[in-house]
Amino acid sequence: MQTLLTKTNAYTLLQRETLNGKNSHAYLLLFDDARNLREALKYFAKVLLSCENEQTEEEKRVSRLIDAESFSDCLFYPEIGKKLAVEDADSIKEECLLRPVEGKRKVIVVSGFETANAPTQNKLLKLLEEPPEGVIFLLGAIHSFNILTTVLSRTKKMEILSFETQEIEDCLLRIYGDKYDRETISLCAAASNGSLGGAQNILEGGYFKALMENAFALTLCSRHALPSIVKQIGETKHPKELFSLLRLIYRDALVLKTQGTKARRKLLLKKNEILDVSQKYSERALLFAQECISKSELELTFNANLPQCLELCIAKILRENKE
């Protein structure tokens, strides 16, 4: 995970400002990976406290304590599995009044900030604007849609964009190379849509095969059969991964459509059904599918009904293909 993070612009920015002693009083890390957000925040907290390289015994000690969320000058909110509440905001205010214990800097880390309600966010506004000397806020969120504009204006935004498929595959091989074969890891990386957490969830969950079957059933169905297939799929617990697979299928089908069977080595999914999808859809429809899926994913972010969203998306693609 750290190898991936060190290649991001967010890391470069934070490291440069820390080395130059020009840190902002508050940062907002946007990282669309709920599974790994807290771990990413830990690493960036280490950057702020100059111990990410672990070159000395002291740096190793502080780094271990941050990983365990038990370093006195690096406080984490909320408790794992909970949302930031007004009580947490009150606790943060009290902690900001206390001087750092071991050094000259105290880092307040808040994970899942997008889940905090408006009253909780408002309670922290003054602190975010003018925190006590030596205090730095490091907020983390998977998106900024629910974050107040007043909060956004008081923080410096750092965004981690999607990782390359090869980067995720390499990371999965380092973590799971002794448990899963390379082909399975490659498929999960390709289906992750640039999210390490998404790839890990697919790989560990053991539902990749079923998810793949659902995705192909959707892409190869008729308009008449679409409602029944969507009903069978129902409210899957893995909507992001399903849409990622749909995008991947249409992408590979487009490669075959435009470059012929010679391009098989360029395909991310080594499935015979890809040829069927390529033959079924026009080039225009396959291009349109990418845009349509992106819009549907955005709608899901705002808690849209998955079956309805899924059916509408595929129906639009089928209609585009018919025209």
Side-chain angles (χ1 to χ4, degrees), residues 4 32-33 160-172 182-203 207-223 226 229-230 233 236 238-301 306 309-323:
L4 289 177
D32 189 12
D33 185 344
I160 297 179
L161 303 176
S162 299
F163 296 115
E164 296 293 330
T165 299
Q166 189 60 55
E167 291 178 324
I168 293 178
E169 182 177 335
D170 292 342
C171 186
L172 293 178
R182 181 151 197 156
E183 182 180 0
T184 300
I185 287 176
S186 296
L187 286 172
C188 291
S192 67
N193 196 27
S195 168
L196 175 61
Q200 289 177 291
N201 291 338
I202 296 172
L203 191 61
Y207 53 81
F208 183 78
K209 183 178 179 181
L211 208 62
M212 181 76 77
E213 290 175 352
N214 288 338
F216 273 113
L218 287 165
T219 57
L220 291 171
C221 75
S222 64
R223 180 66 184 89
L226 179 59
I229 291 177
V230 170
I233 294 174
T236 175
H238 316 287
K240 282 189 175 182
E241 290 85 352
L242 178 57
F243 274 108
S244 293
L245 275 177
L246 287 172
R247 176 184 284 106
L248 202 56
I249 290 171
Y250 285 122
R251 176 263 180 201
D252 277 5
L254 181 61
V255 171
L256 278 181
K257 192 81 174 179
T258 56
Q259 301 181 35
T261 54
K262 293 185 298 183
R264 281 186 177 275
R265 61 185 177 82
K266 298 181 181 179
L267 303 185
L268 296 173
L269 296 176
K270 311 300 182 183
K271 295 289 183 179
N272 294 330
E273 293 93 335
I274 292 292
L275 182 59
D276 297 331
V277 178
S278 178
Q279 292 173 343
K280 175 179 178 178
Y281 290 90
S282 66
E283 181 179 337
R284 174 179 166 179
L286 292 172
L287 285 168
F288 174 78
Q290 301 297 318
E291 177 186 351
C292 194
I293 291 171
S294 295
K295 289 182 179 179
S296 296
E297 288 177 316
L298 185 60
E299 290 172 2
L300 278 177
T301 302
L306 175 62
C309 187
L310 194 58
E311 183 174 348
L312 185 60
C313 176
I314 301 299
K316 287 181 179 177
I317 297 171
L318 290 172
R319 185 167 61 248
E320 183 72 16
N321 189 53
K322 187 176 180 181
E323 295 176 355

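- For the pair Ser294 and Arg247, the minimum side-chain heavy-atom distance is below 4.5 Å.
- Within 6.0 Å of CD on Glu164 lie no more than 12 heavy atoms contributed by other residues, nucleotides or ligands.
- The environment of Lys316 atom NZ is sparse: at most 12 non-hydrogen atoms of other residues, nucleotides or ligands sit within 6.0 angstrom.
- The backbone N or O of Leu254 sits nowhere less than 3.5 Å from a side-chain atom of Glu283 that would complete a donor-acceptor pair.
- When each of Ile249, Leu245, Ile317, Ile229 is paired with Leu218, the side-chain contact (heavy atoms from CB on, under 4.5 Å) condition holds for Ile229 and for no other.
- How far OG of Ser162 is from CG of Leu196: 11.5 Å, rounded to the nearest 0.5 Å.
- Atoms CD and SG, on Glu241 and Cys188 in that order, are 10.0 Å from each other to the nearest 0.5 Å.
- Within the 3.5 Å criterion, the main-chain N or O of Phe216 finds a donor-acceptor partner in the side chain of Thr219.
- Under the salt bridge (charged side-chain N to carboxylate O under 4.0 Å, His left out) criterion, Glu291 pairs with Lys295, sequence neighbours left out.
- Interatomic distance, CG of Leu306 versus CD of Glu299, reported as 11.5 Å (0.5 Å rounding).
- Checked by atom type and distance alone, the side chain of Ser278 never pairs as donor or acceptor with a backbone atom of Leu275 at under 3.5 Å.
- Leu287 is not listed as a side-chain neighbour of Tyr281, based on a closest heavy-atom distance of 4.5 Å or more.
- The two atoms that bring Ser296 and Cys309 nearest to each other are O-SG, 3.5 Å, heavy atoms only.
- Between the Lys240 side chain and the Leu300 main chain, no donor and acceptor come within less than 3.5 Å of each other.
- With hydrogens and angles ignored, the 3.5 Å screen pairs no side-chain donor or acceptor of Asn321 with any backbone N or O of Ala285.
- Interatomic distance, CG of Leu220 versus CD1 of Ile314, reported as 10.5 Å (0.5 Å rounding).
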Step by step, would you call Ile293 with Cys313 a side chain to side chain contact (heavy atoms under 4.5 Å, CB included)? CA-CA 7 Å; Ile293 291 171; Cys313 176; 4.0 Å; yes
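- We find the CD-CG distance between Gln290 and Leu246 to be 10.0 Å, quoted to the nearest 0.5 Å.
- With sequence neighbours left out, the ring-ring contact (aromatic ring centres under 6.0 Å, His included) criterion links Phe163 to no other residue.
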Verdict with supporting geometry, Leu242 and Leu310, side chain to side chain contact (heavy atoms under 4.5 Å, CB included): CA-CA 10 Å; Leu242 178 57; Leu310 194 58; 3.9 Å; yes
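- The CG atom of Leu172 sits 8.0 Å away from the CD atom of Glu169 when rounded to the nearest 0.5 Å.
- With sequence neighbours excluded, the residues satisfying side chain to side chain contact (heavy atoms under 4.5 Å, CB included) with Arg223 are Leu226, Pro227, Glu311, Ala315, Leu318.
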Given the rule in the side chain to side chain contact (heavy atoms under 4.5 Å, CB included) test, do Gln279 and Asp276 qualify, once you have shown the distances and angles that lead to the verdict? CA-CA 5 Å; Gln279 292 173 343; Asp276 297 331; 4.3 Å; yes
Output, in order, the C-alpha distance, side-chain angles, deciding distance and verdict of side chain to side chain contact (heavy atoms under 4.5 Å, CB included) for Leu4 and Asp170. CA-CA 10 Å; Leu4 289 177; Asp170 292 342; over 6 Å; no
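- Minimum heavy-atom separation, Ala199 to Ile168: CB-CG2, 3.8 Å.
- Here the closest non-hydrogen pair linking Ala253 and Val277 is CB-CG1, 3.7 Å.
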